[in-house]
Amino acid sequence: MIALIKDLHSHVGQAVTLQGWLYHRRDSGKIAFLLVRDGSGLCQCVVSKSEQTESFFESARRLGQESAIRVTGTVRADPKQVGGHEIDVSGLEVVGASENYPITNKPHGIDFLFKNRHLHFRSRRQWAILKVRATLVDEIRGYFNRNGFTLIDTPIFAPAAGEGAQTLFTVDYFGEPVYLAQTGQLYVEAACMAFGKVYCFGPTFRAEKSKTRRHLTEFWMVEPEIAYAELDDVIAVAEDFICSIVQRVLKDNRPELEFLGRDLSKLEKIQKPFNRLTHKEAADILRGPRAKEMLENDLATKSARIEEIKKLVAEKEAKEKSQGIKQWEKDKIVQELADLREELDDLQVDVQNIPHHIKLAASFDENGDLGGSDETIISRLHERPTFVTHYPRGCKAFYMKQNASDPTRVNNVDLLAPDGYGEIIGGSQREENLDVLLSRIHEEGLNPADYEWYLDLRRYGTVPHGGFGLGVERTLAWLCGLKHIRETIPFPRMMGKFYP
RNA sequence: UCCCCGAUAGCUCAACGGUAGAGCGGCCGGCUGUUAACCGGUAGGUUGUAGGUUCGAAUCCUACUCGGGGAGCCA
């Protein structure tokens, strides 16, 4: 009987066949341990040398990493082992051989791993992240489908769209330049006038020359848009939506999140109501004593940690060179040293940047946009996600609704994830007034002729409406507690990188 | 576009102006409970590219290429 590793708990004592790949192998003369993965989990399979296993014992102990194999044997519960079960092997079939698999169990550099991304996501950590991604994507669709939103697919080839053509990829479209879409927003605005509540979900493209842990050139975004909605309605949906995502991932992916080392208590704190600040209030916080104090504390604790690490590094280096040390101890020390040095590098960059961040925050212009470091400060001061609303008109897109009581501000909202993960949602109420919209288009130096269809939406039954966009990869990085966004997508596309 | 760091065996790294090395991975052998197993043996190199300094360059200098991190910009 063919079984999945994740279902072995219901097959204890039975003979089953696993169809999978050899994740790792250890052997010791007359016994071989095959750690098998089948896409649903990992299970150690034990081959003892005996009459029964004679025909395949030799080939079993020579199997290369990632050989495709069918393993038959009896399931035994063993809480010590990965997954809680072990199989005593009675039959083995090699389906596809594998020799010299490049990704070994020793450390590799990220350049190498991402050149081998097609193999890299077979490994446990990457597998866990992409399992959470699948849940996240499913919940995104599920949430909007359950709540009366209609899926509308928006085009990927876009004519010169609203917000600065420098950040778009150009494509030759039968001799004419078109752009890869960086948002479906203008199109879902049209669609919400037909369907009431809609969303689009697909890849978007940004040609920004950014090489940071927060950037991809191709990433996925979901963009709900709601007719007869004002800013507070948009915020209420965003809040409910985020809670629903967090709950679902906590329900379905606890083992994966634990394996990734995520502090689940932090996710469990993601409950309504989220914090709400206006941009002006955020400015006050940034310029106030709390922000400064936090950053100065950071500086002190990080500097102290740097000294501590330097000491540890010196100790371990000495130990590594000392005599009579076992090879495995040496390996362990080398790995610890590498980890410490990486932490040290990160800390040194932080420490170098903090004084700059203090200055930026203290001199924050309340008529300017929030910078990356400002977002980090705001989000670090709060355990729950924080909505920041009513940004200055000048630093936001032309289509955002001008605030009725303060025309220098717009009815927009950004959602900052906790723990310094930054902006995961950007949204707004849209300007539904034709004249105001036209004057904003002129103000931004855009050509109204490019937006005729969009202006039609204000001519034929315009209503207050709004929506937001959520970046899947940044959200996933936050949910999984990852340092770098490139791990959140199967095949990352980054500046200068598009292989494999 | 700017700033910092890096490139040595398949992989991770050492060698710091004087004979290119270790561990892992590969291959051969040994070991019946391993958890990055262990032990012995073995193969494996145009030190990113081009120039320069020097009796001598992986090592110093210059340029370039590629990569990492950050700033700006952004989800």
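Note on naming: letters A, B, ... go to the chains in the order of the sequence lines (proteins, then strands), and numbering restarts at 1 for each one. Predicted model, so just to flag it, every value in this text is computed and none were measured.
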Q: Between CE of A:Met495 and NZ of A:Lys209, what distance do you get to the nearest 0.5 Å?
A: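 Nearest 0.5 Å value for the CE-NZ distance: 6.0 Å.
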Q: Return the set of residues passing ring-ring contact (aromatic ring centres under 6.0 Å, His included) with A:Phe491 (not counting sequence neighbours), or none when no residue passes.
A: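 With sequence neighbours excluded, A:Phe491 shows a ring-ring contact (aromatic ring centres under 6.0 Å, His included) to A:Phe121, given in chain and number order.
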Q: In terms of side-chain geometry, is the basic nitrogen of A:Glu218 or A:Arg206 positioned less than 4.0 Å from the acidic oxygen of its partner?
A: no
Q: What nitrogen or oxygen pairs link the protein and nucleotides 5-15 of chain B at under 3.5 Å?
A:
from, atom 1, to, atom 2, distance (Å)
B:rC11, O2', A:Pro107, O, 3.4
B:rC11, O2', A:His108, ND1, 2.4
B:rU12, OP1, A:Gly109, N, 2.8
B:rU12, O4', A:Pro107, O, 3.3

Q: Between the protein and nucleotides 27-31 of chain B, list every N/O to N/O distance that falls short of 3.5 Å.
A:
from, atom 1, to, atom 2, distance (Å)
B:rG29, OP2, A:Arg62, NH2, 3.4
B:rC31, O2, A:Ser28, OG, 3.4
B:rC31, N3, A:Gly29, N, 3.2
B:rC31, N4, A:Asp27, OD2, 3.2
B:rC31, N4, A:Gly29, N, 3.3
B:rC31, N4, A:Arg61, NH2, 3.4

Q: Just to be sure I understand: a Watson-Crick pair is purine N1 to pyrimidine N3 plus N6-O4 or O6-N4, both under 3.5 Å. Using that and G-U wobbles, which stems of three or more pairs involve RNA chain B?
A: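 B:1-7 with B:65-71, B:10-13 with B:21-24, B:26-30 with B:38-42, B:48-52 with B:60-64 - these are the stems of 3 or more pairs that involve RNA chain B.
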Q: Please measure how far the C1' atom in B:rC61 lies from the corresponding atom in B:rG67, and state the result in whole Å.
A: 23 Å
Q: Who passes side-chain contact (heavy atoms from CB on, under 4.5 Å) against A:Ser55, sequence neighbours left out?
A: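 Partners of A:Ser55 by the side-chain contact (heavy atoms from CB on, under 4.5 Å) criterion come out as none, since no residue qualifies.
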Q: Please report the distance separating the C1' of B:rC16 from the corresponding atom of B:rC73, rounded so that it comes out in whole Å.
A: 40 Å
Q: Would you say whether A:Phe219 stacks on B:rA75? The test is a distance between ring centres of less than 5.5 Å and an angle between planes of less than 30°.
A: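 Yes, A:Phe219 stacks on the base of B:rA75.
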Q: Just N and O in the side chain of A:Arg214: are any of them under 4.0 Å from OP1 or OP2 of B:rA71?
A: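 So the side chain of A:Arg214 is within the cut-off, an N or O lying under 4.0 Å from OP1 or OP2 of B:rA71.
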Q: Distance check, P atoms only: B:rG69 and B:rC27, in whole angstrom units.
A: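 Between the two P atoms, the distance is 34 Å.
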Q: For A:Tyr399 and A:Glu189, test the side chains for any donor-to-acceptor distance below 3.5 angstrom and give the result as yes or no.
A: no
Q: What is the distance, to the nearest angstrom, from the CG atom on A:Leu216 to the P atom on B:rA75?
A: 13 Å
Q: Just the rounded figure in Å: distance from P of B:rG26 to CD of A:Glu66.
A: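 These atoms are roughly 13 Å apart.
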Q: Starting at atom CE of A:Met495, determine the distance to atom P of B:rU65, rounded to an integer number of angstrom.
A: 12 Å
Q: Test for a donor-acceptor pair under 3.5 Å between the base of B:rU1 and the side chain of A:Glu208, counting only N and O atoms.
A: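 No.
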Q: Closer than 4.0 angstrom, basic N to acidic O: yes or no for A:Arg287 and A:Glu366?
A: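 Counted as a salt bridge, because a side-chain N and a carboxylate O are separated by less than 4.0 Å.
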Q: Could you tell me how far apart A:His215 (NE2) and B:rU1 (C1') are, to the nearest whole angstrom?
A: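 After rounding, the gap between these two atoms is 15 Å.
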Q: When you measure from every atom of RNA chain B, which of residues 132-143 of chain A have a heavy atom less than 4.0 Å away?
A: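 Result for residues 132-143 of chain A: none.
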Q: What's the closest nucleotide to the side chain of A:Arg213 if the choices are B:rG33, B:rG70, B:rG68?
A: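 Selected nucleotide: B:rG70.
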Q: For B:rC60 versus B:rG18, give the span between their C1' atoms, rounded off to a whole number of Å.
A: 15 Å
Q: Under 4.0 Å between any heavy atoms, over every strand shown, what does A:Lys497 touch: base, sugar-phosphate, or nothing? Just pick one.
A: sugar-phosphate
Q: Given atom OH of A:Tyr199 and atom P of B:rA75, what is their separation to the nearest angstrom?
A: 22 Å
Q: Which pairs, with at least one residue in residues 200-223 of chain A and sequence neighbours excluded, count as a ring-ring contact (aromatic ring centres under 6.0 Å, His included)?
A: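 Found A:Phe201-A:Trp220.
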Q: With sequence neighbours excluded, tell me which residues meet side-chain contact (heavy atoms from CB on, under 4.5 Å) with A:Val178.
A: A:Phe157, A:Val171, A:Tyr173
Q: For atom P, what is the distance between B:rG6 and B:rA43, given to the nearest Å?
A: 34 Å
Q: Taking only the C1' atom of each, what is the distance from B:rA7 to B:rA75 in whole angstrom?
A: 32 Å
Q: Partners of A:Arg61 by side-chain contact (heavy atoms from CB on, under 4.5 Å), sequence neighbours excluded?
A: A:Asp27, A:Ala32, A:Phe57, A:Glu58
Q: What is the distance, to the nearest angstrom, from the CG atom on A:Asn105 to the P atom on B:rA36?
A: 8 Å
Q: I need the CG-C1' distance between A:Asp374 and B:rC74, as an integer number of Å.
A: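 So the two atoms are 14 Å apart, to the nearest Å.
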Q: Looking at every strand, decide which applies to A:Ile425 at a 4.0 Å heavy-atom threshold: base, sugar-phosphate, or nothing.
A: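 Answer is sugar-phosphate: A:Ile425 comes under 4.0 Å of backbone atoms only.
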Q: Any side-chain hydrogen bond (donor to acceptor under 3.5 Å, both in side chains) involving residues 466-479 of chain A? Give me the pairs, sequence neighbours left out, ordered by first then second residue.
A: A:Arg133-A:Glu473
Q: Who are the ring-ring contact (aromatic ring centres under 6.0 Å, His included) partners of A:His279, not counting sequence neighbours?
A: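 Partners of A:His279 under the ring-ring contact (aromatic ring centres under 6.0 Å, His included) test: A:Phe364, A:Tyr391.
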Q: What's the closest nucleotide to the A:Arg474 side chain, out of B:rA75, B:rG68, B:rA71?
A: B:rA75
Q: Quick check against the 3.5 Å criterion: does A:Asp38 have a side-chain atom that pairs as donor or acceptor with the backbone of A:Ile5?
A: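 A pair under 3.5 Å: yes.
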Q: In plain terms, say whether A:Arg76 and A:Asp88 are close enough for a salt bridge, that is, a side-chain N and a carboxylate O under 4.0 Å apart.
A: yes
Q: For A:Arg26 and B:rU32, give me the distance from atom CZ to atom P, rounded to whole Å.
A: 17 Å
Q: Between A:Phe144 and A:Phe241, how do the two ring planes meet: parallel, tilted or perpendicular, split at 30° and 60°?
A: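 Plane angle between 30° and 60°, so tilted.
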Q: When the nearest nucleotide of RNA chain B is assigned to A:Glu473 and to A:His484 on a heavy-atom basis, which residue is associated with the more 5' position?
A: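 Taking each residue's closest nucleotide, the earlier one in sequence belongs to A:His484.
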Q: What's the gap between B:rG41 and B:rU53 when it is taken at their C1' atoms, as a whole Å value?
A: 44 Å
Q: Using a heavy-atom cut-off of 4.0 Å across all strands, would you classify A:Gln81 as base, sugar-phosphate, or nothing?
A: base
Q: Under 4.0 Å, counting only non-hydrogen atoms across every strand here, what does A:Glu218 touch: a base, just sugar-phosphate, or nothing?
A: nothing
Q: If I pick the P atom on B:rG52 and the same atom on B:rA14, what distance separates them, to the nearest angstrom?
A: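 Pairwise P distance, B:rA14 against B:rG52, rounds to 29 Å.
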Q: Determine yes or no for a side-chain-to-main-chain donor-acceptor pair under 3.5 angstrom, with A:Gln65 supplying the side chain and A:Ile103 the backbone.
A: yes
Q: If a pair satisfies side-chain hydrogen bond (donor to acceptor under 3.5 Å, both in side chains) and one of its residues is in residues 487-500 of chain A, list it, with sequence neighbours excluded.
A: A:Asp111-A:Lys497, A:Arg125-A:Glu487, A:Gln126-A:Glu487
